[in-house]
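The structure under discussion appears below in the form of structure tokens.
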Protein chains: 2
Amino acid sequence: MAAPKTRNNRQTPCEQCPLRALPHFREFKPDELEFVSNFKTGELAVDAGTTILVEGSNSAHLFTVLSGWGFRYKMLDDGRRQILNYMMPGDLIGLQGSLMGEMQHSVEALSPITLCVFERDKLGVLYRNYPDLAYDLTWIAAQEERILDENLLSIGRRSALERAAYLLAFLYQRAKASNLFKGARVSIPITQQHVADTLGLSIVHTNKTLKKLGERKLIRWADRGCDILDDEGLMKMAGWEGYHEKSRPFI
Amino acid sequence: MAAPKTRNNRQTPCEQCPLRALPHFREFKPDELEFVSNFKTGELAVDAGTTILVEGSNSAHLFTVLSGWGFRYKMLDDGRRQILNYMMPGDLIGLQGSLMGEMQHSVEALSPITLCVFERDKLGVLYRNYPDLAYDLTWIAAQEERILDENLLSIGRRSALERAAYLLAFLYQRAKASNLFKGARVSIPITQQHVADTLGLSIVHTNKTLKKLGERKLIRWADRGCDILDDEGLMKMAGWEGYHEKSRPFI
DNA sequence: CGCTATTTTGACCAAGTTCAACCACGGTGG
DNA sequence: CCACCGTGGTTGAACTTGGTCAAAATAGCG
């Protein structure tokens with residue numbers, strides 16, 4: 001019997017959150033942990049390709065990624081798509097919608113993904129009683145802004161080859177920090193169409209660009225995914241300093 | 001005798017803040033106003049072209065624009081520049097740096113600009129005692145994120161003509177909301193080099209693109225600036241819905 | 001095995017870049 | 001008053017990057 005596509009019942013208690021154990025994420029104080037545990041109303045597990053949030057909708061929930069990959073994107077009327085960023089474990093989804101009503105971007109699952117679902121109505125309580133968590137929320141929003149800044153620089157001013165190198169090095173480093181590469185296999189689960197829509201290029205040109213990176217032994221394109229062979233090399237090609245982050249907050 | 005280039009003494013008390021009077025910005029509660037008034041340590045007035053914050057520096061202050069225009073940008077090692085966003089009255093500058101230490105972008109004055117200077121060390125007090133202001137800070141960060149999302153879509157997926165139309169319509173609408181067009185004159189104080197660095201285009205192609213917009217009677221390029229003749233037309237050309245915002249917070 | 005999604009390749013085309021002038025305008029100094 | 005200079009804007013020609021079209025190769029998957 002097949003598993004249902006989505007489940008909504010509570011599964012991982014925050015007290016045993018596997019992300020909290022990672023060195024990359026900051027610790028909670030006991031009272032914060034208790035609040036967050038209460039803030040969380042359940043989990044949502046969806047398959048790859050499922051749309052989690054839709055641009056223009058108002059019923060925004062607030063989520064944190066517990067496991068898996070997703071991406072944020074916007075579309076123009078004629079179907080042109082721009083991927084804005086990728087979501088990995090520990091990332092918050094739907095803050096914009098929770099604060100300001102209508103979503104102005106969509107979110108889709110890139111792999112099977114599990115999300116912690118939070119009750120947006122309790123955000124007020126959070127701001128009133130947990131200033132450190134409130135600070136963390138602002139921090140998270142500002143961090144996302146930084147990532148977008150770098151993306152904008154990339155798309156606006158880097159060549160196709162530099163852009164691709166930057167994107168892959170960036171995803172690699174972020175995924176590594178979120179402990180997404182448990183085994184020896186270091187693979188990013190995206191198609192070349194995703195890469196194209198992230199970089200603002202056509203698929204054909206993206207393919208040719210990735211091939212060049214492959215010829216230089218920086219990456220290997222696997223089926224529906226990309227193995228990073230030399231992230232130092234990618235960073236050098238992109239002229240990118242890398243992504244330094246000691247410990248970051250999450251909710 | 002010429003006025004000094006920068007002054008640091010307190011001039012406009014928050015109680016008489018001209019921005020608070022605008023319908024576009026939200027009201028403060030009395031205790032918030034008192035706190036903010038105390039949070040503000042002075043004003044900084046600089047000439048056009050002055051660099052206000054530098055990428056890589058750590059001495060980040062926190063500012064709000066009181067009057068004038070500025071812009072945020074990043075540069076690559078070889079001098080390629082990408083403008084990320086423009087700052088106008090009511091906009092917060094330096095939040096990223098205040099929360100996370102090192103600035104990862106620079107800010108420059110586009111016109112003579114006056115800034116309210118805040119004491120970044122008091123941010124903790126703000127979060128502990130003024131949850132509504134803390135919420136506003138997150139809101140502001142999330143709003144900036146939205147703007148960057150739309151920018152990314154623009155640069156990644158719109159044609160040069162669409163991009164230019166979007167940028168100018170966007171700046172026009174934001175500036176109008178911040179009451180920057182007091183007189184009859186509706187002019188955005190940027191050079192074509194700024195437009196090029198915002199859109200990710202060369203200056204030559206930018207010039208030709210703007211000329212097309214001029215031929216269609218959507219804009220008129222004045223000396224060191226741009227007059228918007230038909231913002232509806234620009235929005236239509238960009239396929240952009242516009243920028244709906246009732247009332248926004250500011251600090 | 002047949003189906004669909006994805007990747008790959010080649011030929012041709014178009015948008016945008018680079019190079020190289022040239023113009024307009026507002027100082028500034030002689 | 002005028003020559004000179006610097007900034008910003010304008011223009012055309014040659015060139016390059018990346019886009020479009022079309023078709024084939026490849027890889028899961030039921």
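By convention in this document, chain letters (A, B, ...) are assigned in the order of the sequence lines, proteins followed by strands, and residues within each chain are numbered from 1. This one's a predicted model, so the numbers in the text were calculated from it and none came from an experiment.
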Legend entry - Set of side chain to side chain donor-acceptor pair (under 3.5 Å) partners for Asp78(B), sequence neighbours left out: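 Side chain to side chain donor-acceptor pair (under 3.5 Å) list for Asp78(B), sorted by chain: Arg80(B).
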
How many whole angstroms separate atom [atom1] of [X] from atom [atom2] of [N]?
X: Asp223(B); N: dA24(C); atom1: CG; atom2: P; result: 14 Å
X: Gln193(B); N: dT18(C); atom1: CD; atom2: P; result: 12 Å
X: Trp221(A); N: dT8(C); atom1: CH2; atom2: P; result: 9 Å

Inset, instruction - Would you verify whether the NZ or CZ of Arg158(A) falls within 45 degrees of the ring axis of Tyr166(A) while also being under 6.0 Å from that six-membered ring's centre? - result: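 Yes, Arg158(A) lies over the aromatic ring of Tyr166(A).
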
Inset, instruction - Looking at every strand, decide which applies to Ser202(A) at a 4.0 Å heavy-atom threshold: base, sugar-phosphate, or nothing. - result: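 Contact class for Ser202(A): base.
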
Inset, instruction - Looking at every strand, decide which applies to Gly200(B) at a 4.0 Å heavy-atom threshold: base, sugar-phosphate, or nothing. - result: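 Gly200(B): backbone/sugar contact only, no base atoms under 4.0 Å.
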
Do other residues, nucleotides or ligands put more than 12 heavy atoms under 6.0 Å from [X] [atom1]?
X: Arg224(A); atom1: CZ; answer: no
X: Glu241(B); atom1: CD; answer: no
X: Asp77(B); atom1: CG; answer: no

Inset, instruction - Begin from the C-alpha positions of Leu210(B) and Gln192(B) and carry the test side chain to side chain contact (heavy atoms under 4.5 Å, CB included) through to its verdict. - result: CA-CA 9 Å; Leu210(B) 291 172; Gln192(B) 297 190 357; 3.7 Å; yes

Inset, instruction - Could you check which residues of residues 203-215 of chain B get a heavy atom under 4.0 Å from DNA chain C? Sort them by number, please. - result: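 Per residue number, the list reads Val204(B), His205(B).
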
Inset, instruction - Taking only heavy atoms on the protein side, list every residue of residues 151-171 of chain A lying under 4.0 Å from any atom of DNA chain C, sorted numerically. - result: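 Result for residues 151-171 of chain A: none.
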
Inset, instruction - Decide, yes or no, whether a salt bridge links Lys236(A) with Asp230(A) under the criterion of side-chain N to carboxylate O below 4.0 Å. - result: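 Asp230(A) and Lys236(A): not salt-bridged.
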
Legend entry - Contact interval (first through last nucleotide) of DNA chain D with protein chain A, 4.0 Å heavy-atom: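 Listing 5' to 3', DNA chain D meets chain A from dG18(D) to dG28(D).
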
Legend entry - With sequence neighbours excluded, residues passing side chain to side chain contact (heavy atoms under 4.5 Å, CB included) with Gln193(A):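 Partners of Gln193(A) under the side chain to side chain contact (heavy atoms under 4.5 Å, CB included) test: Arg81(A), Thr191(A), Ala196(A), Asp197(A), Ile203(A).
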
Inset, instruction - List in chain and number order the residues that pass side chain to side chain contact (heavy atoms under 4.5 Å, CB included) with Lys212(A), two or more places apart in sequence or in another chain; answer none if no residue qualifies. - result: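 Testing Lys212(A) for side chain to side chain contact (heavy atoms under 4.5 Å, CB included), a comparison that skips the adjacent residues, returns Leu161(A), Glu215(A).
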
Legend entry - Any donor-acceptor pair under 3.5 Å from Arg163(B) side chain to Leu199(B) backbone: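 Indeed, once roles are kept as given, a pair shorter than 3.5 Å links the two residues.
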
Legend entry - Close aromatic pair by centroid cut-off 6.0 Å: Phe71(B) and His194(B):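 Between His194(B) and Phe71(B), which both carry aromatic rings, the centre distance is below 6.0 Å.
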
